[in-house]
*Asks:* 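This is the structure I want to talk about, given as structure tokens.
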2 protein chains.
Amino acid sequence: MANVFRALSDPTRREILKLLQKGNLNAGRITENFDMKAPSITHHLHILRNAGLVQSEKKGQQMIYSLNTTVLQDVLNWILELQGKSK
Amino acid sequence: MANVFRALSDPTRREILKLLQKGNLNAGRITENFDMKAPSITHHLHILRNAGLVQSEKKGQQMIYSLNTTVLQDVLNWILELQGKSK
DNA sequence: TAGATATTTAGATTGTTATCTAAATACAGA
DNA sequence: TCTGTATTTAGATAACAATCTAAATATCTA
């Protein structure tokens with residue numbers, strides 16, 4: 001879960017997640033949304049993938065990224081527990 | 001809200017919050033729980049305070065820290081929204 | 001197969017963060 | 001007022017993270 005928290009701590013990565021919420025995107029499309037070079041986005045995607053927050057699938061020469069929110073459940077529970085609103 | 005995410009991204013700080021959930025503590029008591037020198041804990045407490053996650057009150061020569069979970073609501077909503085379970 | 005496009009990898013640079021030691025500040029009690 | 005205790009501040013160091021350029025890899029299409 002530490003990986004998830006660390007991944008979420010960066011604003012670019014949070015914005016990537018928001019983009020993917022609207023639908024799957026390839027790396028190029030994601031990059032278009034930021035004032036940043038492609039390798040930097042690749043780096044962020046790698047961290048997100050490592051945290052389990054996104055999944056990737058190769059489709060021809062493109063890499064399609066999709067959101068995976070299941071790992072957020074732990075984070076959610078952690079916060080709820082801290083708030084004393086659960087468990 | 002970015003400050004909150006950044007504050008939560010560190011494991012020591014998350015543990016501090018967990019400690020404070022059980023009750024208010026002065027800086028010394030918090031420090032006892034970690035294998036770390038006092039100035040480092042002060043540093044973490046400063047970041048937590050900046051994020052609004054803790055409050056502090058001077059009591060004699062001690063500084064009493066307490067948990068404030070109200071700022072977690074935004075984080076919670078952000079996550080729920082990403083999960084598509086709200087808004 | 002050659003050239004174009006999409007993405008990633010490698011390596012460098014820069015900025016940020018966590019930690020430490022030493023010193024400063026604030027307060028309490030004799 | 002002096003001494004001890006609690007906490008923070010200042011400044012240094014080392015590890016980590018974000019970004020870039022250049023190059024490598026993979027795939028598509030003519």
Side-chain angles (χ1 to χ4, degrees), chain A residues 1-20 22-68 71 75 78, chain B residues 1-20 22-68 71 75 78:
Chain A
M1 190 175 55
N3 282 341
V4 180
F5 270 117
R6 198 125 27 82
L8 291 176
S9 74
D10 183 272
T12 300
R13 291 195 285 268
R14 289 197 299 274
E15 207 172 332
I16 290 174
L17 295 177
K18 277 291 183 191
L19 282 174
L20 292 177
K22 300 180 207 154
N24 301 349
L25 290 172
N26 59 48
R29 283 292 168 82
I30 294 171
T31 303
E32 285 173 7
N33 287 273
F34 297 90
D35 191 21
M36 203 176 286
K37 300 295 180 185
S40 303
I41 298 296
T42 294
H43 172 242
H44 286 304
L45 289 170
H46 189 254
I47 289 169
L48 288 169
R49 208 168 140 286
N50 241 39
L53 284 162
V54 306
Q55 290 164 335
S56 58
E57 193 195 354
K58 191 152 205 171
K59 196 114 187 185
Q61 60 196 135
Q62 297 177 338
M63 192 68 100
I64 312 291
Y65 284 89
S66 57
L67 185 64
N68 179 17
V71 296
V75 172
W78 188 90
Chain B
M1 189 175 55
N3 282 342
V4 180
F5 271 116
R6 198 131 21 85
L8 291 176
S9 73
D10 183 271
T12 299
R13 291 194 287 267
R14 290 197 298 275
E15 207 172 333
I16 290 174
L17 295 177
K18 278 292 183 189
L19 282 174
L20 292 177
K22 299 182 209 153
N24 301 349
L25 290 172
N26 59 47
R29 282 294 167 82
I30 294 171
T31 303
E32 284 173 8
N33 287 272
F34 297 90
D35 190 20
M36 202 177 286
K37 300 296 180 183
S40 303
I41 297 296
T42 294
H43 171 242
H44 287 304
L45 288 170
H46 189 252
I47 288 169
L48 288 170
R49 208 169 140 285
N50 241 39
L53 284 161
V54 306
Q55 291 166 335
S56 57
E57 194 195 352
K58 191 149 205 173
K59 197 114 186 187
Q61 59 196 134
Q62 297 178 336
M63 192 69 100
I64 312 290
Y65 285 89
S66 56
L67 186 63
N68 179 17
V71 297
V75 171
W78 188 89

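From a predicted model like this one, the values you see are computed outputs, not experimental measurements. Residue numbers begin at 1 in each chain, while the letters A, B, ... track the order of the sequences.
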*Asks:* Check the distance between dT27(D)'s P and Met63(A)'s CE and give it to me in whole angstrom.
*Replies:*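 Rounded to the whole Å, the gap is 10 Å.
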*Asks:* Select base, sugar-phosphate, or nothing to describe what Ala27(B) touches, counting heavy atoms under 4.0 Å on all strands.
*Replies:* sugar-phosphate
*Asks:* Mapping Ala38(A) and Thr12(B) onto DNA chain C by nearest heavy atom, which one lands closer to the 5' end?
*Replies:* Ala38(A)
*Asks:* Quick one: Ile16(A) CD1 to dA18(D) P, roughly how many Å, whole number?
*Replies:*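 The distance from CD1 of Ile16(A) to P of dA18(D) comes to 11 Å, rounded to the nearest Å.
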*Asks:* Could you tell me the separation between the CZ atom of Phe5(B) and the CZ atom of Arg14(A), rounded to the nearest 0.5 Å?
*Replies:*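 Rounded to the nearest 0.5 Å, the CZ-CZ separation comes out at 5.5 Å.
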*Asks:* Closest approach to the side chain of Lys37(B), judged atom by atom: which nucleotide of dT8(D), dC20(C), dT7(C) is it?
*Replies:*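 Out of dT8(D), dC20(C), dT7(C), the nucleotide with an atom closest to Lys37(B)'s side chain is dC20(C).
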*Asks:* Expressed as a whole number of angstroms, how long is the span from Asn50(A):CG to dT9(C):P?
*Replies:* 12 Å
*Asks:* Quick one: label Arg29(A) by what it contacts on the DNA or RNA (base, sugar-phosphate, nothing), any heavy atom closer than 4.0 Å.
*Replies:*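 The answer is nothing, as Arg29(A) stays clear of every strand by at least 4.0 Å.
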*Asks:* When you compare the side chain of Met36(A) with that of Thr12(A), does any pair of heavy atoms fall below 4.5 Å?
*Replies:*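 A side-chain contact exists here, since the closest heavy-atom pair is under 4.5 Å.
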*Asks:* Could you state the interatomic distance from CE (Met1(A)) to CH2 (Trp78(A)), rounded to the nearest 0.5 Å?
*Replies:* 7.0 Å
*Asks:* Salt bridge (Lys or Arg N to Asp or Glu O under 4.0 Å) with Lys58(B): which residues, sequence neighbours excluded?
*Replies:* none
*Asks:* Can you check the Glu57(A) CD to dT27(D) C1' distance for me, whole Å?
*Replies:* 16 Å
*Asks:* Which residues in residues 1-10 of chain B have at least one heavy atom lying under 4.0 Å from any atom of DNA chain D?
*Replies:*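 Within residues 1-10 of chain B, no residue comes under 4.0 Å of DNA chain D.
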*Asks:* At 4.0 Å (heavy atoms only), tell me whether Tyr65(A) reaches a base, stays on the sugar-phosphate, or touches nothing.
*Replies:* sugar-phosphate
*Asks:* How many whole angstroms separate atom CG of Asn26(A) from atom P of dC28(D)?
*Replies:*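 Answer to the nearest Å: 14 Å.
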*Asks:* Between residues 40-49 of chain B and DNA chain C, which residues have a heavy-atom gap below 4.0 Å?
*Replies:* Ser40(B), His43(B), His44(B), Ile47(B)
*Asks:* For Leu48(B), run the side chain to side chain contact (heavy atoms under 4.5 Å, CB included) check against Leu67(B), Leu8(B), Ile16(B), Leu20(B) and tell me which one passes.
*Replies:*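 Between Leu48(B) and the candidates, side chain to side chain contact (heavy atoms under 4.5 Å, CB included) is satisfied uniquely by Ile16(B).
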*Asks:* To the nearest 0.5 angstrom, please state how far the CG atom of Asn24(B) sits from the CD1 atom of Ile64(B).
*Replies:*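 Asn24(B) CG to Ile64(B) CD1: 7.5 Å, rounded to 0.5 Å.
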*Asks:* Can you list every pair that meets salt bridge (charged side-chain N to carboxylate O under 4.0 Å, His left out) and has a residue in residues 22-33 of chain B, with sequence neighbours left out?
*Replies:* Arg29(B)-Glu32(B)
*Asks:* Once side-chain hydrogen bond (donor to acceptor under 3.5 Å, both in side chains) is applied, what residue pairs with a partner in residues 36-54 of chain B remain, sequence neighbours excluded?
*Replies:*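 Those involving residues 36-54 of chain B are Arg13(B)-His44(B), Arg49(B)-Ser56(B).
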*Asks:* Taking atom P of dC20(C) as reference, at what distance in whole Å does atom CE of Met36(B) sit?
*Replies:* 6 Å
*Asks:* Produce a footprint string for nucleotides 22-30 of chain C: one letter per nucleotide, 5' end first; B if the base is under 4.0 Å from any protein heavy atom, S if only the sugar-phosphate is, - if neither.
*Replies:* B---SBS--
*Asks:* Leu45(A) and Ala27(A): which non-hydrogen atoms are nearest, and at how many Å?
*Replies:* CD1-CB, 4.4 Å
*Asks:* Please round to the nearest 0.5 Å and tell me the distance separating atom CD1 of Ile30(A) and atom CG of Leu25(A).
*Replies:*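 Ile30(A) atom CD1 to Leu25(A) atom CG measures 5.5 Å (nearest 0.5 Å).
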*Asks:* Do Tyr65(B) and Leu19(B) have side chains that approach each other closer than 4.5 Å (heavy atoms only, starting at C-beta)?
*Replies:*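 Answer no - side chains too far apart.
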